[in-house]
Novice: 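I have a structure I would like to understand better, so I am pasting it below and will then ask my questions one at a time.
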Amino acid sequence: MKLKISDAARKFCLENGIDDITFNLLETDVAGCCIGFVKEIQAAYSVPVNAAGYRYCQVERFHIFISRKIRITGPLTLATEGIWKKRLCLNGASIPL
């Protein structure tokens with residue numbers, strides 16, 4: 001698995017002392033709604049407890065774990081998103097339908 005890191009993501013990780021990144025598929029039950037569950041890819045800045053359900057990639061000095069439940073749709077890029085509060089995101093991945 002090949003993954004690129006944007007300059008903004010590299011700067012964000014270095015400024016915040018982040019070496020380990022785990023991307024999980026978060027499923028939230030929406031009560032009273034016809035949708036049922038809302039799915040979102042969420043980044044955690046730690047190593048997963050059990051890495052068996054994750055894809056692993058090491059880029060430069062960063063250790064990146066991606067849940068196998070997340071669908072890879074194209075070339076993966078670690079980037080940042082958000083205007084006021086920055087966070088890491090994974091471009092080239094999407095939630096399964």
Side-chain angles (χ1 to χ4, degrees):
M1 177 173 63
K2 199 166 192 173
L3 187 131
K4 294 181 182 178
I5 298 179
S6 70
D7 292 335
R10 184 179 297 105
K11 181 180 175 186
F12 177 83
C13 289
L14 293 174
E15 286 176 352
N16 293 296
I18 299 170
D19 294 326
D20 304 314
I21 306 154
T22 301
F23 288 98
N24 291 307
L25 183 64
L26 180 67
E27 296 181 27
T28 306
D29 186 15
V30 181
C33 182
C34 60
I35 296 174
F37 288 97
V38 174
K39 296 180 182 180
E40 178 185 12
I41 297 173
Q42 185 178 34
Y45 308 128
S46 61
V47 177
V49 175
N50 182 2
Y54 293 85
R55 297 176 185 98
Y56 172 75
C57 181
Q58 182 176 357
V59 180
E60 297 173 17
R61 62 176 228 166
F62 306 108
H63 303 276
I64 301 165
F65 298 86
I66 302 170
S67 172
R68 293 191 183 277
K69 295 178 183 178
I70 296 172
R71 187 172 56 149
I72 307 298
T73 58
L76 293 174
T77 305
L78 185 63
T80 57
E81 65 182 6
I83 296 172
W84 306 113
K85 184 175 181 181
K86 296 272 186 201
R87 68 178 185 166
L88 292 176
C89 66
L90 189 62
N91 295 335
S94 68
I95 57 171
L97 299 177

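Just so it is clear, the structure is predicted and the values come from calculations on it, not from any experiment.
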Novice: For Lys11 and Asp7, indicate whether the former's side chain and the latter's backbone hold a donor-acceptor pair under 3.5 Å.
Specialist: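 No; zero donor-acceptor contacts below 3.5 Å.
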
Novice: Between CZ of Phe12 and OG1 of Thr80, what distance do you get to the nearest 0.5 Å?
Specialist: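 Result: 8.0 Å between the selected atoms.
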
Novice: Which distance, rounded to the nearest 0.5 Å, do you find between the CZ of Arg55 and the CZ of Arg68?
Specialist: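 That separation rounds to 6.0 Å.
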
Novice: What pairs with Asp20 under side chain to side chain donor-acceptor pair (under 3.5 Å), at least two apart in sequence or on another chain?
Specialist: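 In terms of side chain to side chain donor-acceptor pair (under 3.5 Å), with neighbours along the sequence ignored, Asp20 is linked to no residue.
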
Novice: Measuring from Ile21:CD1 to Leu90:CG, what's the distance to the nearest 0.5 Å?
Specialist: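 Atom-to-atom, Ile21:CD1 and Leu90:CG are 9.5 Å apart.
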
Novice: Please table the atom pairs, donor to acceptor, closer than 3.5 Å between any side-chain atom in residues 37-49 and protein atoms at least two apart or in another chain.
Specialist:
unit_1 : atom_1 : unit_2 : atom_2 : d
Tyr45  : OH     : Leu88  : N      : 3.3

Novice: Atom CG in Leu26, atom OG in Ser67: separation rounded to 0.5 Å?
Specialist: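 If we round to the nearest 0.5 Å, Leu26:CG and Ser67:OG are 11.0 Å apart.
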
Novice: Name all residues meeting the ring pair (Phe, Tyr, Trp, His ring centres under 6.0 Å) criterion together with Phe65; count only those two or more places apart in sequence or in a different chain, and write none if there are none.
Specialist: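 Only Tyr56 meet the ring pair (Phe, Tyr, Trp, His ring centres under 6.0 Å) criterion with Phe65.
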
Novice: Name every donor-acceptor pair, under 3.5 Å, that has one atom in a side chain of residues 70-78 and the other anywhere in the protein, sequence neighbours excluded.
Specialist:
unit_1 : atom_1 : unit_2 : atom_2 : d
Arg71  : NE     : Ser94  : OG     : 3.3
Arg71  : NH2    : Ser94  : OG     : 3.1
Thr73  : OG1    : Gly92  : O      : 3.1

Novice: Short question: side chain of Asn16, backbone of Ile18 - any donor-acceptor pair under 3.5 Å?
Specialist: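 Checked: no pair found.
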
Novice: Under the side chain to side chain donor-acceptor pair (under 3.5 Å) test, which residues partner Asn24, sequence neighbours left out?
Specialist: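 Result, side chain to side chain donor-acceptor pair (under 3.5 Å) vs Asn24: Tyr54.
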
Novice: Can you tell if the side chain of Ser6 reaches within under 4.5 Å of the side chain of Asn91, non-hydrogen atoms only?
Specialist: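 SC-SC contact between Ser6 and Asn91 ruled out.
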
Novice: Considering residues at least two apart in sequence or located in another chain, which fulfil the side chain to side chain donor-acceptor pair (under 3.5 Å) criterion with Glu60?
Specialist: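 Applying side chain to side chain donor-acceptor pair (under 3.5 Å) to Glu60 gives Arg10.
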
Novice: If I take atom CD1 from residue Ile5 and atom CZ from residue Arg61, how far apart are they, to the nearest 0.5 angstrom?
Specialist: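 The CZ atom of Arg61 is 10.0 Å from CD1 of Ile5, to the nearest 0.5 Å.
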
